[in-house]
Visitor: 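Before I ask anything, let me first share the structure, which is written out below as structure tokens.
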There are 2 protein chains.
Amino acid sequence: MTKREQIVAAADELFYQQGFEHTSFAHIANSVNISRGNFYYHFKSKDDILNAVISLRLNRTQAMLEQWENAGGDPIERIHCFINILITNKSKIMKFGCPVGTLTSELNKLDHAALDAANSVFTLFRTWLVGQIEQLDLSEPSDELAMHLLARSQGIATLASAFNDEAIIQNEVIQLHHWLDTQLEQVNR
Amino acid sequence: MTKREQIVAAADELFYQQGFEHTSFAHIANSVNISRGNFYYHFKSKDDILNAVISLRLNRTQAMLEQWENAGGDPIERIHCFINILITNKSKIMKFGCPVGTLTSELNKLDHAALDAANSVFTLFRTWLVGQIEQLDLSEPSDELAMHLLARSQGIATLASAFNDEAIIQNEVIQLHHWLDTQLEQVNR
DNA sequence: GTCTATATAATGATAGAC
DNA sequence: GTCTATCATTATATAGAC
């Protein structure tokens with residue numbers, strides 16, 4: 001892993017845990033063991049690091065979706081995989097919420113130029129979900145169902161973090177899996 | 001309205017629109033037309049203003065819930081009122097998300113001492129919802145249903161803000177009203 | 001590539017005049 | 001009560017030695 005990649009990885013984690021604005025070069029420097037001045041050899045500004053972090057998250061998400069695609073299951077299983085992200089990342093979500101939702105929320109309030117880029121991670125999930133749902137031939141519009149899944153996930157992450165509550169994730173994930181099954185039953189009879 | 005109340009009102013709005021950390025005394029001063037130094041006659045620190053803002057939001061929320069209580073409807077109508085906050089505050093939610101969810105998320109990342117106070121607004125809604133649901137005598141635990149309502153609302157606000165999309169609010173609010181009706185039907189037959 | 005030293009601007013906060 | 005002036009700190013960012 002190059003020094004640049006180490007910086008991006010550290011920034012990715014710190015932006016998630018502490019927020020973008022609150023995370024200073026000093027924080028990142030401390031995490032990667034370089035001096036503050038040395039950042040500007042690798043990046044031209046803090047915003048430049050943010051863009052690299054968003055790019056990393058986009059690639060990571062894309063890779064995850066492709067992996068699900070190549071795993072050989074059907075669209076239904078893949079959507080269940082999406083829901084289960086909440087279980088997989090349970091500990092961190094309870095501590096820091098959803099990395100996508102909290103970053104877009106922060107950048108939105110900062111009126112930051114990178115907001116669109118950050119939102120594109122949401123769009124990636126949205127488009128992917130629409131693609132999966134369309135293969136199921138359900139009665140309701142695929143985009144509405146995709147947004148429903150995204151909204152439910154976001155709400156669960158927000159409350160799990162606010163109340164530091166694991167039960168809400170467990171309960172709501174079960175409900176969400178059940179909701180998906182119900183959508184299928186309504187068509188298959 | 002006293003000067004102190006004007007400051008709190010301006011801070012309340014700015015913290016919502018720009019975030020707590022990003023909002024400086026200069027921002028608030030500009031909004032209330034006083035000098036930066038004069039803040040410290042009314043408050044001893046920025047955190048002190050934050051506490052006053054949270055207190056204002058708590059009181060405002062409490063008043064809203066009591067108003068619903070005194071309006072003379074039944075618990076079902078009151079829960080529908082809760083859901084409809086998303087419609088009432090639609091424009092602001094699309095721009096800035098939910099004031100409760102975004103503040104608790106920010107303070108959580110800042111590891112701020114006022115996090116518990118901010119979370120108490122969530123708890124106020126949660127406890128109130130539990131109280132309403134218990135009067136309905138449903139099959140599932142009241143707290144889980146209350147958390148479900150909170151989570152759905154939060155998710156809708158997050159996505160409406162991220163995608164700047166009014167349709168998602170409209171669609172999801174209809175779904176949420178429908179979900180509530182379904183919960184009632186399951187018992188009343 | 002990495003460092004130290006520094007420039008520059010903004011912040012929260014204080015002191016004291018009026 | 002409100003102001004101006006100022007302090008101390010922190011932040012991003014730059015310059016230049018090694």
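Chain letters run A, B, ... following the sequence lines, proteins first, then strands; residues in each count from 1.
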Visitor: Provide, to the nearest angstrom, the distance between the CZ atom belonging to A:Arg36 and the P atom belonging to C:dA7.
Guide: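 One finds 15 Å between P of C:dA7 and CZ of A:Arg36, rounded.
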Visitor: Can you tell me the distance, in whole Å, between the CD atom of A:Glu21 and the P atom of C:dT11?
Guide: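 Answer to the nearest Å: 10 Å.
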Visitor: When the distance from NZ of A:Lys44 to P of D:dT12 is rounded to whole Å, what number comes out?
Guide: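 After rounding, the reported distance stands at 16 Å.
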Visitor: How close or far is atom C1' of D:dT14 from atom CZ of A:Phe39, stated in whole angstroms?
Guide: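 One finds 15 Å between C1' of D:dT14 and CZ of A:Phe39, rounded.
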Visitor: When you measure from the side-chain N and O atoms of B:Ser24 to the phosphate of C:dT11, is any distance below 4.0 Å, counting only OP1 and OP2?
Guide: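 So the side chain of B:Ser24 is within the cut-off, an N or O lying under 4.0 Å from OP1 or OP2 of C:dT11.
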Visitor: Could you tell me how far apart A:Lys46 (NZ) and D:dA13 (P) are, to the nearest whole angstrom?
Guide: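 In whole Å, D:dA13 P and A:Lys46 NZ are 9 Å from each other.
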Visitor: Look at the side chain of B:Lys3 and decide which nucleotide, out of C:dA13, D:dT2, C:dT11, has an atom nearest to it.
Guide: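 Of the candidates, D:dT2 comes closest.
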Visitor: Can you list, by chain and residue number, the hydrophobic cluster partners of B:Phe25 when the side-chain cut-off is 4.5 Å?
Guide: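 Other cluster members: B:Ile7, B:Val8, B:Leu14, B:Phe15, B:Phe20, B:Ile28, B:Val32, B:Ile34, B:Phe39, B:Tyr40, B:Phe43, B:Ile49, B:Leu50, B:Val53, B:Ile54, B:Leu56, B:Leu103, B:Leu107, B:Leu110, B:Leu115.
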Visitor: What integer distance in Å separates B:Asp48:CG from C:dT14:P?
Guide: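 Result: 12 Å.
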Visitor: D:dT2 phosphate, OP1 or OP2: any side-chain N/O from B:His42 under 4.0 angstrom?
Guide: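 The answer is yes; a side-chain N or O of B:His42 sits under 4.0 Å from OP1 or OP2.
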Visitor: Using only heavy-atom distances, determine whether the side chains of B:Glu77 and B:Gln132 contain a donor-acceptor pair under 3.5 Å.
Guide: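 B:Glu77 vs B:Gln132: no donor-acceptor pair found between side chains.
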Visitor: Answer yes or no: is there an ion pair linking A:Glu13 with A:Lys92, defined by an N-O contact shorter than 4.0 Å?
Guide: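 A salt bridge is present here (some side-chain N lies under 4.0 Å from a carboxylate O).
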Visitor: Check whether the side chains of A:Asp48 and A:His42 place a donor and an acceptor atom closer than 3.5 Å, and report yes or no.
Guide: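 No, no side-chain donor-acceptor pair sits under 3.5 Å.
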Visitor: Would you find a donor on one side and an acceptor on the other, under 3.5 Å apart, between the side chain of A:Ser105 and the backbone of A:Gly101?
Guide: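 Judged by distance alone, no pair lies under 3.5 Å.
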Visitor: What are the atom names and distances for every N/O pair under 3.5 Å that joins the protein to nucleotides 15-18 of chain D?
Guide:
none

Visitor: Which part of the nucleic acid does B:Thr2 contact within heavy-atom distance under 4.0 Å: base, sugar-phosphate only, or nothing?
Guide: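 Touches nothing.
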Visitor: Will you find, in the side chains of B:His22 and A:Glu21, an N or O donor that is under 3.5 Å from an N or O acceptor?
Guide: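 The criterion, which ignores hydrogens and geometry beyond distance, is satisfied for A:Glu21 and B:His22.
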Visitor: Rounding to an integer number of Å, can you tell me how far B:Phe43 CZ sits from C:dA13 C1'?
Guide: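 Rounded to whole Å, this separation is 15 Å.
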Visitor: Return yes if a side-chain donor-acceptor contact under 3.5 Å exists between A:Asp47 and A:His112, otherwise no.
Guide: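 Checked: A:Asp47/A:His112 side chains pair up, N/O donor to acceptor below 3.5 Å.
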Visitor: Return the value, rounded to whole Å, for the distance between atom NE2 of B:His27 and atom P of C:dA10.
Guide: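 So the NE2-P distance, B:His27 to C:dA10, works out to 11 Å.
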Visitor: Quick check for you: among D:dC3, D:dA13, C:dG12, whose closest atom lies nearest to any side-chain atom of B:Ile34?
Guide: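 Closest nucleotide to the B:Ile34 side chain: D:dC3.
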Visitor: Out of C:dC3, C:dG12, C:dT11, which has the shortest distance to the side chain of B:Tyr40?
Guide: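 Within the option list, the nearest is C:dG12.
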Visitor: Starting the side chain at C-beta, find the nucleotide from C:dT2, D:dA13, D:dG1 nearest to B:Tyr41.
Guide: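 Side chain of B:Tyr41 sits closest to D:dG1.
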